[in-house]
Amino acid sequence: MLEDLQTPCLLLDEAAMRRNIKGMADRFKQIDVPLRPHLKTAKSIDVARILQEHGADRWTVSTLKEAEYFSSFGLKDILYAVSIIPQKMERIMRLNRAGAQMSICLDSTEMATHLSTMTLDGPKPRVYLEVDVDGHRTGVKADQQRAVDVARILANASNMEFAGVMAHGGGVSYAANGKQELEAAAEQERTATLAVKDAILEAGLRCPQVSIGSTPTALFGTSFDGVSDVRAGVYVFQDVFQANLGMCAMEDVAATVLTSIISHAPHLNRIVIDAGGLALSKDRSCASQSNDCGFGLLSDADGHLDPLLYVQGVSQEHGYITTRDGSPLPFELYPLGSQLRVLPNHSCMTVAAYEGYHLIDGDHEGEWWPRCNRW
């Protein structure tokens, strides 16, 4: 089947994906805290159905296009986990009027005040106050008066429902080195978020929900006391970066890019493939020079990893393969026109280049599952 596919294209190992989904679902069933899977990586209703098989009943998205797509298939309890702006509220309300239960997030008194004065036609959206637990991206800090000020505006708004606080520990967790640091990152995410909740409660306001999560903190958290749900997404596919963090083994990487060898350059000790920056993304994932993964690792078309090879560089439509230790390439093992699979550094970014998945190694082998792209 693979020989008939035009490359580059996206493969999805169904068996590996199902193992990843089951592993995370089983963990949180034992912990007895609901998962709110992040669908930004898969962007596929077929993948979401497998998540549902393992108990998922609430969802996270990063674009309103995703919210509209998944809602059209009956997924209703959806958190849009990107800071909201007024220009997007009509799409939120349209979803609510159609039967969705949308949640949004923000982190400023300015935006909270603006939204609270808007005329919102339809069921009230739920609004989370986003907490910055590690200086990574957006949110209020636990020691900022702004946290209570925003919560008070939301709690007093007649057109919205204050849902509580949320955070994403994606900075410190992805920079962690080893089990101890990952456990500490997870606890930092939890305690920093709960500290904002406590400040809101001390101000005499309600704070119903506490939503936290990332794949590393979900897998390495030692306590989820006080947490209402946990958001994670990349675990569904995994990637080289997750493997290097210790989240998974390389054989757990479910989404790979099928590519063809288009040129040999012996004078450069280089094999050239037809998957470049647009097909792989330009995210690198190595924690150190001694473990340099370049722009992805390589397996043969059957999925057997070749630890000698990596994608050293990319241009727009070309990928440049060489050996990780500088030894001469065995060009005779990789003839022109033959296929390889690239294990992506950051699967969320890599799979975004494709319209869908070619299924391998599972009940749906040979099928093509479409994705929801763009915004």
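Since we're looking at a predicted model, the values are computed, not measured. Quick note: residue numbers are just sequence positions, from 1. Atoms considered below: every heavy atom in the structure, side chains included; atoms not considered: hydrogens, waters and symmetry mates.
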message: Show the nearest heavy-atom pair for residues H364 and W369, with the distance to one decimal.
response: CG-CZ2, 3.7 Å
task: Enter the distance from L305:CG to L343:CG here, rounded to the nearest 0.5 Å.
output: 6.0 Å
query: Do you know which of I321, I261, I262, L336 makes side chain to side chain contact (heavy atoms under 4.5 Å, CB included) with V272?
result: I262
message: Using side-chain heavy atoms (C-beta onward) and a distance below 4.5 Å, is M160 in contact with L154?
response: yes
- prompt: Can you tell me how far CG of N244 sits from CZ of F241, rounded to the nearest 0.5 angstrom?
  reply: 8.0 Å
- request: Could you grab the distance from atom OG of S228 to atom CZ of R58, nearest 0.5 Å is fine?
  value: 8.5 Å
- request: Tell me, with the steps shown, if T41 and Y235 meet side chain to side chain donor-acceptor pair (under 3.5 Å).
  value: CA-CA 9 Å; T41 305; Y235 74 92; over 6 Å; no
query: Which pair of non-hydrogen atoms, one from S108 and one from V150, has the smallest distance, and what is that distance?
result: C-CG2, 3.5 Å
- prompt: At their closest point, which heavy atom of D57 faces which heavy atom of D77, and how far apart are they?
  reply: O-CB, 4.0 Å
task: Over all heavy atoms of both residues, which pair between E14 and E365 is shortest? Give the atoms and the distance, please.
output: OE1-N, 4.3 Å
message: Please find the pair of heavy atoms, one from P216 and one from L245, that lie closest to each other, and give the distance.
response: CG-CD1, 4.2 Å
query: Shortest non-hydrogen contact from L129 to A147?
result: CD2-O, 3.4 Å
statement: From the list D306, D300, D302, side-chain hydrogen bond (donor to acceptor under 3.5 Å, both in side chains) with H304 holds only for D300
- request: Kindly compute the distance separating CG (N345) from OG1 (T350), expressed to the nearest 0.5 Å.
  value: 7.0 Å
